[in-house]
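Throughout, numbering of the chain's residues begins at 1 and tracks the sequence.
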Amino acid sequence: MENDIENSLSRKLLSTASQLDPKRRRFRRCKSAPMAEYLPSEINPRNGASLTAPPPSQSLCDKIHPSIKKVGIYLFLYLTIGTTCFYFVGNQIKGDKIDGILDSVYFCIVTMTTVGYGDLVPNTAPTKLLACAFVFSGMALVGLTLSKGADYLVEKQEMLLIKAMHMREKLGPTEILEEIETNKVRYKCLMTFSFLVVLITVGTVFLVLVEKLEFVDAFYCVCSTVTTLGYGDKSFSTKYGRVFAIVWILTSTVCLAQLLCYIAEFNTEKKQKELIEYVLTRKMTNVDLESADLDDDGSVGAAEFVIYKLKEMGKINQEDISVLMDEFENLDVDQSGTLSLCDVTLAQSVRTNK
């Protein structure tokens with residue numbers, strides 16, 4: 001069954017490709033879907049020329065990316081509900097209190113990021129259960145929403161980083177897009193690491209100047225906060241310190257989490273590239289030739305070779321091929337073995353009627 005599907009896919013690829021000339025161009029000039037993340041208008045073309053017509057005027061709200069809007073809405077709701085709840089049960093929370101509303105927001109942030117200094121702690125059963133509910137919902141908010149927003153912001157800064165690293169080279173839009181696509185994860189790691197260093201430096205300086213901590217104690221407090229250890233012996237104890245902590249704790253903890261995710265993604269991508277390099281440099285053997293010969297005609301065509309190599313690289317598997325063949329058969333209304341504009345139109349009308 002699997003060989004039949006592969007043979008069918010190979011024949012369709014060959015039959016479509018055979019209509020084009022020259023032979024090499026058939027596979028090397030295959031058009032793909034446009035990249036949605038990076039629009040040409042976001043890149044400054046050479047000679048100051050504009051690649052696209054200027055977009056129509058939009059309001060400030062329309063210019064905000066949906067990911068950022070979602071982050072803002074969810075974070076606002078979480079902090080509003082959390083602050084209200086903890087404000088009304090403030091007498092059931094013990095610790096170093098400064099201001100009712102400020103302490104409530106500060107407690108929400110410390111709970112959501114799992115820092116848990118211990119300078120403010122629930123003192124009754126209801127407040128402890130309330131804190132349990134908010135710590136789990138806060139972790140879900142950080143993991144599912146804030147990380148996506150942070151990832152979007154990092155991607156937006158990749159363009160600036162590439163331009164800064166290649167200031168002496170006049171890179172055009174195409175070169176920049178190729179550089180981003182090739183080293184995307186590496187640039188994400190660099191951007192996030194740089195931002196984390198800035199946050200650690202700012203936090204340390206602030207604790208020294210405002211909270212009057214020694215340098216070592218300030219750096220120790222910053223590290224225990226960013227890693228969400230939160231030993232509690234050092235924390236933000238002044239009014240201005242807690243105002244700063246509300247923004248700084250949330251930003252720094254999410255930044256470190258994103259950096260660890262990017263490092264894991266970078267290692268995975270590196271192993272994938274090593275596998276691809278091995279597949280591309282390994283010499284073909286008789287066994288490989290027999291495996292790639294899907295139609296058992298004693299020779300391997302270009303389509304058969306491409307399918308075999310993609311499967312060997314782990315880019316596709318048999319399930320992917322089966323799904324693609326099912327889609328092709330659904331679109332091939334006249335069962336001619338090729339797709340035409342008429343086939344696609346008929347297939348869409350059939351789906352609409354259903």
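- Linking ILVMFWY residues whenever their side-chain heavy atoms come closer than 4.5 Å, directly or via other members, leaves Ile307 and Leu289 in distinct clusters.
- Thr113 places none of its side-chain heavy atoms less than 4.5 Å from the side chain of Val254.
- Grouped with Val323 in a hydrophobic cluster is no other residue, since no side-chain heavy-atom contact under 4.5 Å to another Ile, Leu, Val, Met, Phe, Trp or Tyr is found.
- One N or O on the side chain of Asp293 and one on the backbone of Asp297 form a donor-acceptor pair closer than 3.5 Å.
- Atom CG of Leu324 sits about 10.5 Å away from atom CD of Glu319, to the nearest 0.5 Å.
- Atom CD of residue Gln92 and atom OG1 of residue Thr127 lie 5.0 Å apart, to the nearest 0.5 angstrom.
- Panel note: side chain Lys309, backbone Val279; a donor-acceptor pair is recorded below 3.5 Å.
- Heavy-atom contacts from other residues, nucleotides or ligands closer than 6.0 Å to CZ of Phe195 number 12 or fewer.
- Atoms CZ and CD1, on Phe76 and Ile81 in that order, are 9.5 Å from each other to the nearest 0.5 Å.
- Taking every heavy atom of both residues into account, Leu346 and Val333 meet most closely at CB-CG2, 3.9 Å.
- No side-chain heavy atom of Ile246 sits under 4.5 Å from any side-chain heavy atom of Leu79.
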* Take Leu75 and Leu250, measure what side-chain contact (heavy atoms from CB on, under 4.5 Å) needs, and give me the verdict at the end. => CA-CA 11 Å; Leu75 185 61; Leu250 182 61; 3.8 Å; yes
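- Ring pair Phe236/Tyr106: centre-to-centre distance not below 6.0 Å.
- From Asp96, atom CG reaches atom OG of Ser237 across 7.5 Å, with rounding to the nearest 0.5 Å.
- At a threshold of 4.0 Å, the pair Asp99-Arg242 does not count as salt-bridged, since none of the basic side-chain nitrogens sits closer than that to a carboxylate oxygen.
- Side-chain contact check for Gln258 and Tyr262: at least one donor-acceptor pair (N or O, by modelled atom type) lies under 3.5 Å.
- Side-chain atoms of Lys188 do not come within 3.5 Å of backbone N or O of Glu265 as any donor-acceptor pair.
- Grouping the Ile, Leu, Val, Met, Phe, Trp and Tyr side chains by contacts below 4.5 angstrom, directly or via other members, places Val197 with Leu256.
- The closest side-chain heavy-atom distance from Ile200 to Phe219 is below 4.5 Å.
- Looking only at side-chain heavy atoms (C-beta outward), Thr192 and Leu196 stay at 4.5 Å or farther from each other.
- In terms of heavy atoms, Cys85 sits closest to Leu130 at CB-CD2, 3.8 Å.
- Sparse packing is recorded around CD of Glu214, with 12 or fewer heavy atoms of other residues, nucleotides or ligands lying under 6.0 Å away.
- Here the closest non-hydrogen pair linking Glu211 and Thr238 is OE2-OG1, 2.7 Å.
- Heavy atoms only, all atoms of each residue included: Met313 and Leu275 are closest at O-CD2, 3.4 Å.
- Tested against Val115, the residues Thr227, Val226, Thr225 include a single side-chain contact (heavy atoms from CB on, under 4.5 Å) partner, Thr225.
- Atom CD of Glu274 has more than 12 neighbouring heavy atoms from other residues, nucleotides or ligands inside a 6.0 Å radius.
- A 6.0 Å sphere centred on CE of Met139 holds no more than 12 heavy atoms belonging to other residues, nucleotides or ligands.
- Here the closest non-hydrogen pair linking Thr204 and Ala218 is O-CB, 3.7 Å.
- Surrounding CG of Asn317 are more than 12 heavy atoms belonging to other residues, nucleotides or ligands, all under 6.0 Å away.
- For the residue pair Tyr117/Ser224, the side-chain donor-acceptor check at 3.5 Å is not satisfied.
- Through side-chain heavy atoms spaced under 4.5 Å, either directly or across other Ile, Leu, Val, Met, Phe, Trp or Tyr residues, Tyr231 is tied to Tyr220, Leu229.
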* Should Leu207 and Lys234 be marked as a side-chain contact (heavy atoms from CB on, under 4.5 Å) after you check the CA-CA gap, both sets of side-chain angles, and the distance that decides it? -> CA-CA 10 Å; Leu207 286 169; Lys234 304 294 180 183; over 6 Å; no
* Apply side-chain contact (heavy atoms from CB on, under 4.5 Å) to the pair Met112 and Ile109, showing each step before the final yes or no. => CA-CA 5 Å; Met112 177 176 65; Ile109 295 295; 3.9 Å; yes
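- Atom CG of Asp103 is separated from atom OG1 of Thr83 by 10.5 Å, given to the nearest 0.5 angstrom.
- Asp332 places a side-chain N or O within 3.5 Å of a backbone atom of Ser336 that can act as its donor or acceptor partner.
- Taken together through direct or relayed side-chain contacts under 4.5 Å among Ile, Leu, Val, Met, Phe, Trp and Tyr, Leu120 and Leu102 form part of one hydrophobic cluster.
- In terms of hydrophobic clustering, with Ile, Leu, Val, Met, Phe, Trp and Tyr side chains grouped at heavy-atom distances under 4.5 Å, Phe134 and Ile73 are assigned to a common cluster.
- Side-chain atoms of Ser252 come within 3.5 Å of backbone N or O of Ile249 as a donor-acceptor pair.
- A donor-acceptor contact closer than 3.5 angstrom is absent between the side chains of Asp288 and Ser291.
- Ile98 and Val105 sit in two unconnected hydrophobic clusters of ILVMFWY residues. Membership requires side-chain heavy atoms under 4.5 Å apart, directly or through other members.
- Rounding to the nearest 0.5 Å places CD1 of Ile263 at 7.5 Å from CG of Asn267.
- Shown here for Thr114 and Val135, the closest heavy-atom pair between the two residues is CG2-CG2, 4.1 Å.
- Other residues, nucleotides and ligands place no more than 12 heavy atoms under 6.0 Å from the OH atom of Tyr87.
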* To do: Take Phe206 and Trp248, measure what side-chain contact (heavy atoms from CB on, under 4.5 Å) needs, and give me the verdict at the end.
  => CA-CA 10 Å; Phe206 183 89; Trp248 182 83; over 6 Å; no
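- You'll find the side chain of Ile321 reaches within 4.5 Å of the side chain of Lys311, heavy atoms only.
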